[in-house]
S.K.: 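First the structure, then my questions, so here it is.
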Amino acid sequence: MHPSPDIGIWIGALLTLGIFSFLYGDNPYYKFCEALFVGVSAGHWFVTLFWTVFVAKLIRNVGIGLNTFITEGFSAGLSDYLHWSYIFGGVLGFLMLLRLFPKIGWISRWSLAFVVGTTSGYFFINYLVSNGLRQIEKSILSLGAEFWFGNLILVVGTFCGLIYFFFSKEHKGAFGGLARVGIWFLMITFGASFGYTVMSRMSLLIGRMDYLFGTWLGMIG
Amino acid sequence: MRRVMPFTIVTVTGLFMLVQYFIPREEFEWLYEWTLDWIIVIGCFAMLLGLWSMTYVSVSKVRRKIPGWGYNVITLAGLFFVLIVGFVPGQASLVRGSAFMHLFEYIYIPVQASMFSLLAFYIASAAYRAFRARTILATILLVSAIIIMLRLVPLGPLSAVNQWLANFILTVPNMAAKRAFWIGVGLGATATALKIMLGIERTYMGRD
Amino acid sequence: MDRYSVKMRKLQAFVFFLLFSSIVIFPPDKAFAQEEAEMPASPTQVEASDTPNDNGHSITVKWKLSADDGAGKNNVVVYEVLRSDSPEGEFELRGMVPAGESVFEDQGAKDKQSPNYLPSHKQFYYKVRAKGDGIQSESLVSAPAYAYGQWFHTGKFPVFVAVIAFSAFALAFINLARKGKELYVRPLAGIEAVDEAIGRATEMGKPILYIIGLGSADMIATIASFTILSRVAKKTAEYQTPILIPCYDAVVMAVAQETVKAAYMEAGRPDIYKEENIFFLTSMQFAYVAGVNGIMLRERPATNFYLGKFYAESLILAETGSVAGSIQISGTDEIAQIPFFVAATDYTLIGEELYAASAYLGREPVLLGTLKGQDWGKAVVIISLILGAIAASLHFQFFLDLFRVQL
Amino acid sequence: MDNGKSNLYDWMMNLDRRWVYLVIGVVVTLTAIAPFKVPVYVTPEVRNIYNFVESMEPGEVLMIGVDYAPEAMAELHPMNYAITRQCFAKGIKLLLCCLHQNGPGMVEQVIAQVSKEYDKVNGVDYVYLGYKPYPAITILAMGQNFRIPFPEDYYGTSLDSLPMMRNIVNFDNVQAIINISAGSATEYWINYANGRYNAKLAIGVTGVMTSDYYPFLQSGQIFGIIGGMKGAAEYEDLAEKGGYISRKKDQLTAFKSMPIQTTTHIVVILFIVLGNVGYFMSKKVK
């Protein structure tokens, strides 16, 4: 049993025990770790975004654009729109900040509109192609192939599943029967993924145990 | 101006993203990458907004001495300590081994990992308390989960049977249900995206 | 390129290899070996044209195989494709293709600084060299060709049809709904419980907790959650029950505040709308869950709504909620989290049901119309599934290609 | 009704959650400290891969496509080590490439350690091609010729100067490809390496991903799957029986943590059964 000398490991281990103490109940030790984590994580998230996005994308590109204006004159600067055009991104981002001032807060809707508009156009195509067409392409299976039994169940399963997600007709009679088979298939799948998730969560716990008993206290391994 | 403009922006940008998918020309490809970069930049400002709101709430709680304000002090302390350590050394703070990364390694990762490992305890308690075979559907979910979990338990001769069953569940019904689910979600999401683009769905913008 | 033509190409290569090796290993007669190797016939009809469906910067070169490739002296090993700016100019090697093949794509880069830059709209001349072992013969120079970006990607035509058809279905039903036609939507168990759940909260004088999930404002699941929040908020305004909404994303917080404010105004109770009940907690997954757990155990809400995008934290929320003894209505399109919601909450909206819930709750003509559009889309999918299975078992290749999308 | 019976089930039903947590905590700690050997049932999809590598002749080349980052190390490193040790012990040559941006370190970690154990020489017994973005395009190019996407190897020496690469052009000169991945590149290996160039492909993936790839096993596009920690433990069990790795040298990392998985799974299953027995009994009593 030879506990590790590294102060960082000790901090990590004490925080780990603090979080585990929540299992016993909401207590000051846990509240301390939670509060510290909330502050540190928000700060970390903002610093990382600041350097990797704000500086790396906005400031750098606008800087390059500006010095093409200064060094190579106005016309060359204009043609280098690849870089200085990021200023619009910055402006829209700044408009978002105006939310804080109730009087002119409505202007922030423009940047929100830009974000929502662009992503909805992207989602429209993305979902239609990857969830719609691609899945249909993969669900068309020949029943004459050597593994026809599996294919038959696959086709029946997908068919009944789709019937379950049909909203225009009450789930009654034969139609209701098909929908029932569909939800059965769904429940088998959810059960399987529940079983899988138990294994992956346990391996997370094993990882923490290795950290506490191995890296920190040096009892095993 | 306040009402009409946002929705025209939504429709214009939405239709542009839709149309550019079909046009492989270079200018459209560049415009596509350019707009996605803008959204990341806007996200960065939104993060600043969130940070401001959190600080404002915490500071007001501390000033008004609401019970538990001590923890808000710790949150603010943690936040500003990270900000200082993150900004002072400049971009170098993101390099491995910097104080900022040490904070990440010794505070953020252990707590995040411990939070995740709590799930192992919660799954066990959900299995015992919430996981009831109330209906036929819940029973199917239960049996299927146990078959998959039994693969890890040595059952001697029974293991082969259990293995075959688990394999069948994973190969055939599993894929069929996931396909039906994805097609359903796909069409639902496409319809919602269409409603947003055409300005029919407006709740996300709120009304005043 | 599906598996069928891949097998054909493998077959060709194998037959050719067999033929080629048989000549080398058992030469027909001694005399052949001493004779000095002859020059293979040159490839003919070299044509260059822009590669379709791309952003320019690439030219496709086609030619007729050399007479001595696969027949005659059969001593062609590889074809070399050369390019130059002018017919007489100096030709540079652009790539090699094994014998038996007659197509080559000269792929250039679009970035000016890169050495492999191939500008669009610039004339290029090509010629193809058939190489035996050491000896080669060249074709005539091709007519000039230049690369350019197309205005329409023909490979994506099935998507184009799908977009038009889908939008037509949806818009048609929206108009029908606007003209007041009665559109039926089957009841959803989870949503029927909403009124009862809010009523319970009012009786117990406890707040309602509404979690919009970890998604950002533009995610489809989050937007569906906003629509449902707007109706739940109208109910809480009528029943004067407080509604707590801890947020994970700043933009979602902003939108949630506006949605609830608008709902309170519609219900005629702007006075009891409290903006501080809708606040930003943190944008870290597990710090957020820890914070929400704290709220659940302290405020003891009577009803919890988990509607939107959820990840691994869904089980912690549902489990803590059941400890606090609240009625829980959940809904997400994240397939990995649905088993936990089904196991630990009272009602669960599975995937598309979350999207349908907003239509069912509000019964607004527009929402019902698009839901009908979706159902018709599903009907088309179901029919094409059955036809597809039949076509596939009888090997109708044409039908299968309808759904093939080249990206 | 017999009062004793009904309050036993009520007590069981409203048992405080913290007892459940205590049971799991105790079970995990005990098994961690005194691990006992738990037999692992080896599934055919893992045995296929082991037998294929076992059937390869010394000097033949096996390709391993590594596409995972440090987070998936716990599940994927064990299978990576076991396969690499088996190949080097049998004199099989290895061609390695990486298609995940923070994955190169993972490959280097494994190959550096194992090549020292079997004193294998870079360039003669193994070649590490390094990392290129855009997995789809890289795999398509490798199908034509490895030199197109990877003119030089990870350490900067040109491929043609490496003795092992002399007669290796593309996937046809490699006996099989094993893709050890935690992410999206697996889809491209299946669609392009196997779909387009008919390369013999097997995959090693994280536990959560495994169920999504069984249909590809059934359709024959891949000949084996090593699924998560459990799959890695099965492979390690086979490799130990084959004499390629030994428990004494602590080379069975996945196998070592299997006992905890087994005990915790038994406990969870018991909880489900107990919970439901309590629930039905108390319903019948009411």
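Chain letters run A, B, ... following the sequence lines, proteins first, then strands; residues in each count from 1. All values below were derived from every heavy atom in this structure, side-chain atoms included, with hydrogens, water molecules and symmetry-related copies excluded.
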S.K.: Could you point out which residue of C/T222, C/T332, C/D333 forms a side chain to side chain donor-acceptor pair (under 3.5 Å) with C/K309?
M.R.: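 Testing each of C/T222, C/T332, C/D333 against C/K309, the sole residue satisfying side chain to side chain donor-acceptor pair (under 3.5 Å) is C/D333.
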S.K.: What residue, out of C/G377, C/P339, C/A254, C/A379, has the most heavy-atom pairs lying under 4.5 Å from chain A?
M.R.: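 Heavy-atom pairs under 4.5 Å are most numerous for C/P339.
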S.K.: If I measure from the heavy atoms of chain C, does A/I19 come under 4.5 Å with its side chain, its backbone, both, or neither?
M.R.: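 When you check distances to chain C, no heavy atom of A/I19 falls under 4.5 Å.
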S.K.: Examine whether an atom of C/L315 lies under 4.5 Å from a heavy atom of chain A, and if so say whether it belongs to the side chain, the backbone or both; otherwise answer neither.
M.R.: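 Looking at C/L315, nothing touches chain A.
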S.K.: Mark yes or no for whether C/K378, through its side chain, and A/F165, through its backbone, hold a donor-acceptor pair below 3.5 Å.
M.R.: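 Yes, C/K378 side chain to A/F165 backbone: donor-acceptor pair under 3.5 Å.
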S.K.: Would you mind checking which part of C/I390 comes under 4.5 Å of any heavy atom in chain A, side chain (CB onward), backbone (N, CA, C, O), both or neither?
M.R.: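 Interface part for C/I390: neither.
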S.K.: With no hydrogens and no angle check, is any side-chain donor or acceptor of C/R186 less than 3.5 Å from a backbone partner on A/F166?
M.R.: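 Such a contact is found between C/R186 side chain and A/F166 backbone.
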S.K.: When only pairs under 4.5 Å are counted, which of C/N293, C/L385, C/V185, C/V342 shares the most heavy-atom pairs with chain A?
M.R.: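 Top option by heavy-atom pairs under 4.5 Å: C/L385.
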S.K.: Quick check on the interface: out of C/L368, C/I386, C/I338, who has the most heavy-atom pairs with chain A under 4.5 Å?
M.R.: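 Heavy-atom pair counts peak at C/I338.
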S.K.: So what's closer than 4.5 Å to chain C heavy atoms on A/F124: side chain, backbone, both or neither?
M.R.: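 A/F124 touches chain C through side-chain heavy atoms alone.
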S.K.: For A/N61 and A/Y86, indicate whether the former's side chain and the latter's backbone hold a donor-acceptor pair under 3.5 Å.
M.R.: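 Absent.
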S.K.: With chain C, which of A/F46, A/F194, A/Y127 has the greatest number of heavy-atom pairs at distances under 4.5 Å?
M.R.: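 Most heavy-atom pairs within the cutoff with chain C belong to A/F194.
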S.K.: Is a side-chain donor or acceptor of A/S111 paired with a backbone partner of A/L95 at a separation under 3.5 angstrom?
M.R.: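 Flag not set: sc A/S111 to bb A/L95 has no pair under 3.5 Å.
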S.K.: Is A/K31 close to chain C through its backbone or its side chain, or both, or neither, when contacts mean heavy atoms under 4.5 Å?
M.R.: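 Contact with chain C involves the side chain of A/K31 alone.
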S.K.: In terms of heavy-atom contacts, does CZ of C/F279 have more than 12 from other residues, nucleotides or ligands at under 6.0 Å?
M.R.: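 Yes, enclosed.
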S.K.: Does C/K372 qualify as a cation-pi partner of C/F173, given the criterion of NZ or CZ under 6.0 Å from the six-membered ring centre and within 45 degrees of its axis?
M.R.: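 Pair C/K372/C/F173 does not count as cation-pi.
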